[in-house]
Amino acid sequence: MTRLKNSDICDISFNLCRYNRELISKTGQSLLGIACHACGVEELKIKQKLDSFCVHVVPVTTGLGVISNFSETVCAILKFLGFIALVSDKPDASGITSAFENKADAIMMADDKRFVGINLNTKSVVDNSEMTGQVFASAMDLMADGINQKDVLVIGCGSVGEAAARKLLSFNAKLSLIDINYNTAQLLAKKLSRAEQKDKIIVLKQEDNILSYKYILEATPSENTITDSLLSELTVVASPGVPLGVSAKGCKILNDHLIHDKLELGVAAMAVALLK
Ligand code: PYL
């Protein structure tokens, strides 16, 4: 998992309205709408509950420490969606304790290994990697007007790619998996075939011809994983990978067929999953 830098996220808070309009134009759904699609819940039902649901975002100082603006950005996304949210003025155990003492409904916090949300009433836990994979797969389903029976190339078979692949299978997509480590892709294919009783999963090698995919979900921590030669103005890319795996020229080719962000969709899906 790539550790975010302040420069990755410092523009998010004041671009949320613009980004929301971009999502509506590309998928037909807002940030909240895509998150609800990922969680399989009606947006209206969530809207009726979220304005009385209080989330404390707790900074965590362990390991490599706090990322400047990380908690503030998570909080801004939650407030944009309509949740009650604040950044705890105390980090770590003090911040968690304060959330309980102030009867918060949930906390969100991240160390160097995991970014989680915890519902303090139901004790349910949501994980950023899991929800990010699910919500980008859901955005692809919306951009494709239904990914059912369509071929999707999933690049990157780690925790985000696995969650995206599972979600795409739930939409009845046909998957081709590729990873820099062939065994990783093979293991995921075996796991998914067993779990989802699907025989439609192909595992590709780096050298295989992968020119013919219209739908690509990129979930790697590397740049330029999707070379420009793979792209046309018809290609649809959903890329939760940080940094973006598409070149500047590739972004121009894709135009409005590319969904990528570094926190927004994942945080929105975590929040809806906590509430549902
Ligand atoms: C959650 C992000 C998504 C991609 N990489 C993950 C990352 O950067 N994790 C580290 C988050 C550290 C947060 C720090 C703080 O400010 O509380 N402990």
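This one's a predicted model, so the numbers in the text were calculated from it and none came from an experiment. Both counts, for ligands and for their atoms, begin at 1 and track the order of listing.
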Just wondering, do [Y] and [X] contact through their side chains at under 4.5 Å, heavy atoms?
| X | Y | answer |
| --- | --- | --- |
| Asn128 | Arg114 | no |
| Leu254 | Glu233 | no |
| His56 | Asn102 | yes |
| Gln48 | Ile46 | no |
| Ile34 | Val135 | yes |

Considering both backbone and side-chain atoms of Ala110, is one of its nitrogen or oxygen atoms within less than 3.5 Å of a nitrogen or oxygen in ligand 1?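 In this structure, Ala110 places an N or O atom under 3.5 Å from an N or O of ligand 1.
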Check this for me - ligand 1, Leu4, N or O atoms closer than 3.5 angstrom, yes or no?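 There is such a contact, yes.
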Around [atom], find the nearest protein heavy atom and jot down its residue, atom name and distance.
| atom | answer |
| --- | --- |
| atom 1 (C) of ligand 1 | Phe115 CD2, 3.5 Å |
| atom 17 (O) of ligand 1 | Val60 N, 2.9 Å |
| atom 16 (O) of ligand 1 | Ile67 N, 2.9 Å |
| atom 14 (C) of ligand 1 | Gly65 O, 3.4 Å |
| atom 10 (C) of ligand 1 | Asp111 O, 3.7 Å |
| atom 4 (C) of ligand 1 | Thr2 O, 3.3 Å |

Main-chain N/O of Gln29 paired to Glu43 side chain as donor or acceptor, under 3.5 Å: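 Here the side-chain-to-backbone pair does not exist.
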Do the side chain of Lys167 and the main chain of Ala38 share a donor and acceptor less than 3.5 angstrom apart?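 Judged by distance alone, yes, a pair lies under 3.5 Å.
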Which one holds for Val242 and ligand 1: side chain close, backbone close, both close, or neither close, with close meaning a heavy atom under 4.0 Å?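 For Val242, there is no contact with ligand 1 at all, from either part.
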Name every donor-acceptor pair, under 3.5 Å, that has one atom in a side chain of residues 258-276 and the other anywhere in the protein, sequence neighbours excluded.
| from | atom 1 | to | atom 2 | distance (Å) |
| --- | --- | --- | --- | --- |
| His260 | ND1 | Ser239 | O | 2.6 |
| His260 | NE2 | Lys262 | NZ | 3.2 |
| Asp261 | OD1 | Leu263 | N | 3.2 |
| Asp261 | OD1 | Glu264 | N | 3.4 |
| Asp261 | OD2 | Tyr19 | OH | 2.7 |
| Asp261 | OD2 | Leu265 | N | 3.0 |
| Lys276 | NZ | Cys39 | O | 3.3 |

Contact check, Gly266 vs ligand 1, heavy-atom distance below 4.0 Å: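 Gly266: no contact with ligand 1 (<4.0 Å).
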Going by the atom numbers of ligand 1, which of them fall below 4.0 Å from some non-hydrogen atom of [X]?
| X | result |
| --- | --- |
| Val66 | 14 (C), 15 (C), 16 (O) |
| Pro59 | 17 (O) |
| Arg3 | 8 (O), 12 (C) |

Result block: side-chain N/O donor-acceptor pairs under 3.5 angstrom for residues 143-156, not counting sequence neighbours:
| from | atom 1 | to | atom 2 | distance (Å) |
| --- | --- | --- | --- | --- |
| Asn148 | OD1 | Asn172 | ND2 | 2.9 |
| Lys150 | NZ | Ala144 | O | 2.7 |
| Lys150 | NZ | Gly146 | O | 2.8 |

